[in-house]
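One structure below.
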Amino acid sequence: MPSYANHSLEATQFLQQKTGSTQLDCYTYIDPENTEKSFFVVKTSNKVIHVSFSEIEYNPLDYRSLLEGLYQVIYE
């Protein structure tokens, strides 16, 4: 069954600020019952990047740490 990601304004703004790119959009799918199924999709000017929450080291009680972890997985 397909999972549909929704545009995340907060994640988009966070990544745009960190990267300086205005040609970047972030989408997220969060499964509250199973975070292993949750993921981000980041669309840049020349690629689409899929990052599962399981690939990110973060504090599950802090959304900001999830965004920081997303940035680290993609850009560091």
Side-chain angles (χ1 to χ4, degrees):
M1 175 175 210
S3 300
Y4 298 94
N6 295 303
H7 186 257
S8 174
L9 182 60
E10 185 176 0
T12 297
Q13 289 174 337
F14 174 84
L15 290 176
Q16 285 180 347
Q17 183 179 36
K18 291 283 277 187
T19 63
S21 172
T22 58
Q23 297 183 354
L24 180 149
D25 281 305
C26 188
Y27 300 83
T28 187
Y29 171 78
I30 299 175
D31 185 326
E33 296 178 17
N34 185 356
T35 56
E36 294 292 316
K37 293 181 180 179
S38 300
F39 60 87
F40 286 103
V41 174
V42 179
K43 182 180 172 277
T44 67
S45 61
N46 62 349
K47 59 184 135 185
V48 175
I49 306 160
H50 178 278
V51 180
S52 173
F53 281 23
S54 63
E55 298 175 69
I56 302 171
E57 288 186 33
Y58 67 99
N59 175 349
L61 302 176
D62 183 5
Y63 187 67
R64 175 76 178 204
S65 83
L66 180 62
L67 297 180
E68 290 282 353
L70 173 64
Y71 175 81
Q72 290 173 354
V73 167
I74 296 172
Y75 295 102
E76 293 182 357

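Positions are given from 1, in the same order as the sequence printed here. Here the structure is a predicted model, which means the values were calculated and not measured.
- Of the residues Thr28, Ile56, Ile30, the one that meets the side chain to side chain contact (heavy atoms under 4.5 Å, CB included) test with Leu66 is Ile56.
- The closest side-chain heavy-atom distance from Ile74 to Val51 is below 4.5 Å.
- In the hydrophobic clustering of ILVMFWY residues, with side-chain heavy atoms under 4.5 Å counting as a link, Phe53 and Tyr75 come out together.
- Between the CG atom in Leu24 and the CD atom in Gln13 there is a gap of 11.5 Å [rounded to 0.5 Å].
- Neither Phe39 nor Leu9 shares a network with the other; the hydrophobic side chains, linked directly or stepwise wherever heavy atoms of I, L, V, M, F, W or Y lie under 4.5 Å apart, form separate groups for each.
- Glu10 is listed as a side-chain neighbour of Tyr63, based on a closest heavy-atom distance under 4.5 Å.
- At least one donor-acceptor pair closer than 3.5 Å links the side chain of Thr12 to the backbone N or O of Cys26.
- Residue pairs that meet the side chain to side chain donor-acceptor pair (under 3.5 Å) test with at least one member in residues 31-51, sequence neighbours left out, are Thr44-Asn46.
- Side-chain contact between Phe40 and Leu67 is present, with heavy atoms from C-beta onward closer than 4.5 Å.
- Contact of the Glu68 side chain with the Phe14 side chain is registered, since non-hydrogen atoms from C-beta on lie closer than 4.5 Å.
- Ile49 and Tyr27 end up in different hydrophobic clusters when Ile, Leu, Val, Met, Phe, Trp and Tyr side chains are linked at under 4.5 Å.
- One hydrophobic cluster, built from ILVMFWY side chains closer than 4.5 Å, holds both Tyr71 and Val42.
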